[in-house]
Amino acid sequence: MTVQDITTIGIIGAGNIGSQLARLGVAHGYRVVISNSRGPETLTDLVAEIGDGVTAATAEDAAAAGDVVVVTIPLKNIDRVPVAPLRGKVVIDTNNYYPQRDGRIVPLDDATETTAGLLQAHLPDSKVVKAYNHIMAADLTTKGSPSGTPGRRALAVYGNDAEARATVAAMMDEFGFEPVDGGAVSESWRSERDQPGYVKAYDADELREALGQATRDING
Ligand SMILES: NC(=O)c1ccc[n+]([C@@H]2O[C@H](COP(=O)([O-])OP(=O)(O)OC[C@H]3O[C@@H](n4cnc5c(N)ncnc54)[C@H](OP(=O)(O)O)[C@@H]3O)[C@@H](O)[C@H]2O)c1
């Protein structure tokens, strides 16, 4: 699947990041189906604000509706993400590990797993792509710029499926950010919380340098 095949973005999580990606999606001509944990009736204000192009649904229905589906929820809740409707799909993972919110997660503390790896393990038949986790939510709609802009803000993209990575990268480019291919899910720790590139406004060269400077024992 290429970005041209995408008409609908499903979003699981309607908080800071989910609502911002919904705004970007609608602004770039996609249909967006967005969900939270409490039900679509709690999203009427957001839907009214964003306007045509977005609808609210349950997480199951957002997962089923999306050609691509974003999971953007507290990491502690990823085991509740519906599995069946996401089979075979590209799933964008924005999630970060905050122990004070998520509790201690041993394989992350041990640096034997990544946050994206946890979602990939929960969704073994989906193509998980890590993206948008190292940018502050507000910056998503204010710091983008067209391709070719000098110093354009860059964001990393990781995933085990190269085509899925390329699809997410192409959409990211449309959304105003320079994608940097970070390789497999197992490499995505390089963009996790407190690493050198985390929420820094770097262009592609600066981001690549920061990813190279990342060290693995950060959650220890
Ligand atoms: N905030 C940032 O700037 C930022 C930047 C990069 C990455 N991140 C990461 O991205 C993720 C989302 O962050 P956020 O700031 O957008 O979070 P948030 O504002 O706290 O919003 C979380 C959303 O997830 C929903 N949710 C929780 N459990 C769910 C479930 N089981 N099924 C469906 N929806 C569920 C919540 O719905 P209810 O309200 O109905 O419970 C809420 O809409 C987090 O992992 C965060 O660490 C955040």
Side-chain angles (χ1 to χ4, degrees), residues 9-25 32-47 49-50 54-66 69-86 91-105 108 113-120 122-123 126 128-144 153-158 168 172 175 177 182 185 188-195 197-202 207 210 218-219:
I9 303 171
I11 304 184
I12 298 175
N16 298 300
I17 294 282
S19 61
Q20 284 288 74
L21 289 175
R23 292 182 185 100
L24 281 176
V32 170
V33 181
I34 193 164
S35 62
N36 64 5
S37 76
R38 287 166 292 149
E41 65 282 1
T42 65
L43 291 170
T44 47
D45 288 352
L46 180 67
V47 167
E49 179 239 305
I50 296 178
V54 67
T55 53
T58 64
E60 284 270 347
D61 287 346
V69 178
V70 181
V71 174
T72 183
I73 65 177
L75 187 67
K76 64 180 176 186
N77 289 352
I78 60 168
D79 286 349
R80 297 190 214 158
V81 171
V83 176
L86 294 175
V91 175
I92 298 174
D93 166 26
T94 81
N95 306 312
N96 288 313
Y97 175 38
Y98 283 92
Q100 62 272 38
R101 178 193 65 192
D102 300 316
R104 304 289 338 180
I105 299 174
L108 298 179
E113 186 52 283
T114 61
T115 53
L118 293 175
L119 187 64
Q120 182 66 80
H122 177 66
L123 303 172
S126 304
V128 170
V129 176
K130 188 85 189 179
Y132 303 111
N133 74 299
H134 65 97
I135 180 169
M136 295 302 293
D139 292 350
L140 284 167
T141 52
T142 56
K143 304 295 187 192
R153 178 119 183 222
L155 297 175
V157 175
Y158 303 87
V168 173
M172 180 181 279
F175 285 0
F177 298 93
V185 164
S188 62
W189 59 270
R190 293 180 181 279
S191 299
E192 289 185 349
R193 174 178 51 78
D194 294 346
Q195 293 289 3
Y198 192 65
V199 301
K200 299 270 179 33
Y202 285 151
L207 180 59
I218 205 87
N219 294 315

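Read the numbers this way: they start at 1 and go in the same order the structure lists the ligands and their atoms.
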Atom indices of ligand 1 within 4.0 angstrom of [X] heavy atoms, with elements:
| X | value |
| --- | --- |
| Tyr132 | 6 (C) |
| Pro74 | 22 (C), 24 (O), 27 (C) |
| Asn133 | 6 (C), 7 (C) |

If you scan the protein for heavy atoms around atom 20 (O) of ligand 1, do you find one that is closer than 4.0 Å?
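No, because not a single protein heavy atom sits under 4.0 Å from atom 20 (O) of ligand 1.
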Ligand 1 N/O within reach of Asn96 N/O, cut-off under 3.5 Å
yes
Whether Arg101 lies under 4.0 Å from ligand 1, heavy atom
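Yes, that is the case, since the closest heavy atom of the residue is under 4.0 Å from the ligand.
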Return yes when Ile135 approaches ligand 1 closer than 4.0 angstrom through a heavy atom, no otherwise.
yes
Tell me, which protein residue and heavy-atom name are nearest [atom], and how many Å apart are they?
| atom | result |
| --- | --- |
| atom 41 (O) of ligand 1 | Ser37 OG, 2.6 Å |
| atom 10 (O) of ligand 1 | Thr94 OG1, 3.0 Å |
| atom 31 (N) of ligand 1 | Arg80 CB, 3.7 Å |
| atom 45 (O) of ligand 1 | Ile73 O, 2.8 Å |

Does atom NZ of Lys200 have more than 12 heavy-atom neighbours from other groups under 6.0 Å away?
yes
Quick check: do Tyr97 and Glu192 have side-chain heavy atoms less than 4.5 Å from each other?
no
